[in-house]
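Here, residue 1 is the first one in the sequence, and each next residue gets the next number. Keep in mind the model is a prediction, meaning the values are calculated, not measured.
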Amino acid sequence: HVTTTLADPATIAGILGEVDHPAVRLNVDPVNLLGTIDDAFANGERMREAARVLGPWYAPTAHLKDVVVRPELVVHIDEVPPGEGILDLDAYVAVVRSLGPDVAVIVEHLPAEQVRRALAVTREAAAARGIVFAAPTPEAA
């Protein structure tokens with residue numbers, strides 16, 4: 001994220017390469033690597049770049065949220081529920097598919113009243129790209 005030393009794929013890869021332990025894995029969370037306005041609007045390419053650099057360390061888990069750029073005095077790059085921003089879902093799905101058939105996709109950072117809609121949007125976006133999620137648990141439905 002923008003306030004961390006783990007701000008870009010090359011730095012993260014360098015650290016993981018130094019750690020060099022098979023139990024240390026990385027969750028796919030592309031929005032956390034969008035630190036500039038250019039990154040936000042080129043998020044698909046940034047995801048593909050991160051996957052090229054960090055793929056060997058990816059765990060079969062991925063966070064999903066969306067991103068918007070707000071035109072305020074100081075530009076804000078904010079998280080929003082899936083489908084409400086500019087996240088390149090085709091690039092996201094391609095990266096997530098590369099993790100194998102049993103990937104946990106976790107929609108995160110939402111207040112309770114936004115969860116059902118976010119999950120519905122996520123399922124619709126996945127279905128449009130040929131992905132069907134396993135049946136949800138009663139708690140997640």
Side-chain angles (χ1 to χ4, degrees), residues 1-137 139-141:
H1 200 271
V2 296
T3 58
T4 178
T5 56
L6 302 176
D8 62 81
T11 301
I12 296 167
I15 292 167
L16 293 173
E18 287 295 318
V19 171
D20 194 28
H21 194 284
V24 177
R25 290 284 171 244
L26 185 64
N27 177 66
V28 174
D29 198 339
V31 170
N32 286 2
L33 295 178
L34 303 178
T36 69
I37 193 169
D38 291 336
D39 290 343
F41 284 106
N43 68 76
E45 180 52 36
R46 297 302 183 270
M47 276 186 266
R48 289 185 288 274
E49 174 190 344
R52 283 190 296 274
V53 174
L54 299 171
W57 293 284
Y58 278 160
T61 62
H63 285 169
L64 177 59
K65 53 199 170 226
D66 214 327
V67 63
V68 295
V69 176
R70 302 205 193 273
E72 299 179 17
L73 177 61
V74 176
V75 174
H76 285 259
I77 302 170
D78 294 326
E79 293 179 7
V80 294
E84 294 185 14
I86 59 172
L87 188 74
D88 183 337
L89 284 173
D90 291 324
Y92 178 84
V93 167
V95 169
V96 170
R97 275 191 169 138
S98 74
L99 303 176
D102 297 318
V103 178
V105 174
I106 303 147
V107 178
E108 65 168 352
H109 298 169
L110 296 175
E113 64 272 8
Q114 293 181 349
V115 170
R116 287 187 190 276
R117 169 118 176 86
L119 291 176
V121 167
T122 299
R123 288 185 188 110
E124 289 169 14
R129 290 161 178 83
I131 298 169
V132 177
F133 292 116
T137 62
E139 302 83 38

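Although no hydrogens or angles enter the test, the distance criterion places a donor-acceptor pair under 3.5 Å between the side chain of Thr122 and the main chain of Ala118. Without hydrogens or angle criteria, Asp66 side chain to Gly83 main chain gives a donor-acceptor distance under 3.5 Å. The backbone N or O of Val31 lies less than 3.5 Å from no partner atom in the side chain of Asn43, so there is not a single donor-acceptor pair. A donor-acceptor pair is defined here as one N or O able to donate and one able to accept, closer than 3.5 Å; such a pair exists between the side chain of His21 and the backbone of Ala23.
Using a 4.5 Å heavy-atom threshold, the side chains of Leu33 and Asp8 count as separate. Looking only at side-chain heavy atoms (C-beta outward), Pro82 and Val107 come within less than 4.5 Å of each other. Between Val105 and His63 there is no side-chain heavy-atom pair separated by less than 4.5 Å. Two residues are said to be in side-chain contact when any heavy atoms from C-beta on lie closer than 4.5 Å; Ile12 and Trp57 fail this criterion. Side-chain contact between Val28 and Pro30 is present, with at least one heavy-atom pair separated by less than 4.5 Å. Residues Ile131 and Val93 have side chains in contact (heavy-atom distance under 4.5 Å, counting atoms from C-beta outward). Residues Arg70 and Val68 have side chains in contact (heavy-atom distance under 4.5 Å, counting atoms from C-beta outward). Within the 4.5 Å cutoff, the side chain of Leu87 has heavy atoms near those of the Leu64 side chain.
Ion pairing between a basic and an acidic side chain is recognised when a charged N comes within 4.0 Å of a carboxylate O; Arg52 and Glu49 show no such pairing. A salt bridge does not link Asp88 to Arg46: none of the charged nitrogens lies less than 4.0 Å from a carboxylate oxygen.
When all heavy atoms are compared, the tightest approach of Val69 to Ala40 is CG2-CB, 3.6 Å. Nearest approach of Leu110 to Pro81, heavy atoms of both residues: CD2-CG, 3.6 Å. Asp20 and Gly17 make their closest contact through CB-O, 3.3 Å (heavy atoms, listed as atom of the first residue, atom of the second, distance). Across all their heavy atoms, Val95 and Met47 have their closest contact at CG2-O, 3.9 Å. Looking at every heavy atom in both residues, Leu89 comes nearest to Ala125 through CD1-CB, 3.8 Å. The shortest heavy-atom contact between Ile37 and Val75 is CD1-CG1, 4.1 Å.
Within 6.0 Å of atom CZ in Arg117, 12 or fewer heavy atoms from other residues, nucleotides or ligands are found, so the atom counts as exposed in its surroundings. Within 6.0 Å of CD on Glu18 lie no more than 12 heavy atoms contributed by other residues, nucleotides or ligands.
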### Query
Ile15 and Leu6: side chain to side chain contact (heavy atoms under 4.5 Å, CB included), yes or no, with the steps?
CA-CA 9 Å; Ile15 292 167; Leu6 302 176; 3.3 Å; yes

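Atoms NE2 and CD, on His109 and Glu79 in that order, are 5.5 Å from each other to the nearest 0.5 Å.
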